Amino acid sequence: MGYSFRRTCLTQMYRVRHSAITAALDATDGNIRKVQKLSRHADPRTLMIYDDNRNKDLWEMSELLTGMLKNAGE
């Protein structure tokens, strides 16, 4: 496997994980302690970063950048 393929797979894996954690935070109204069990992050401060990033504007920018990266890789 080439470097680009591995990097793409890792990026997608982390993005899915981030999306799941963010969705769990949304579903629990930001209950970091509950989501900590799901995410297995030892430090709640890590989840606070996810919680800070739940802003819809940031998600829209993430989608825009992902589309740009996909187009650049083709």
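Computed from a predicted model, the values in this text were never measured in an experiment. Only heavy atoms go into these numbers, but all of them, side chains included; no hydrogens, no water, no symmetry mates.
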Q. What distance do Leu64 atom CG and Leu69 atom CG have between them, rounded to the nearest 0.5 Å?
A.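 Atom-to-atom, Leu64:CG and Leu69:CG are 9.5 Å apart.
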
Q. What distance do Ile49 atom CD1 and Ile21 atom CD1 have between them, rounded to the nearest 0.5 Å?
A.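 Going from the CD1 atom of Ile49 to the CD1 atom of Ile21 covers 11.0 Å.
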
Q. With sequence neighbours excluded, what pairs up with Thr66 under the side-chain hydrogen bond (donor to acceptor under 3.5 Å, both in side chains) test?
A.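 Counting only residues at least two positions away or on another chain, Thr66 forms a side-chain hydrogen bond (donor to acceptor under 3.5 Å, both in side chains) with Arg15.
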
Please report the shortest heavy-atom distance between [X] and [Y], naming the atom on each side.
X: Gln36; Y: Ala42; value: NE2-O, 3.0 Å
X: Leu47; Y: Ser39; value: CD2-OG, 3.6 Å
X: Ala20; Y: Leu38; value: O-CD2, 4.4 Å

Q | Qualifying salt bridge (Lys or Arg N to Asp or Glu O under 4.0 Å) pairs with a residue from residues 30-42, counting only residues at least two apart or across chains | A |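 For residues 30-42, and leaving out neighbouring residues, there are no salt bridge (Lys or Arg N to Asp or Glu O under 4.0 Å) pairs at all.
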
Q: Can you establish whether the number of heavy atoms outside Asp43 located under 6.0 Å from its atom CG is more than 12?
A: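 Yes, the 6.0 Å shell around CG holds more than 12 heavy atoms from other groups.
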
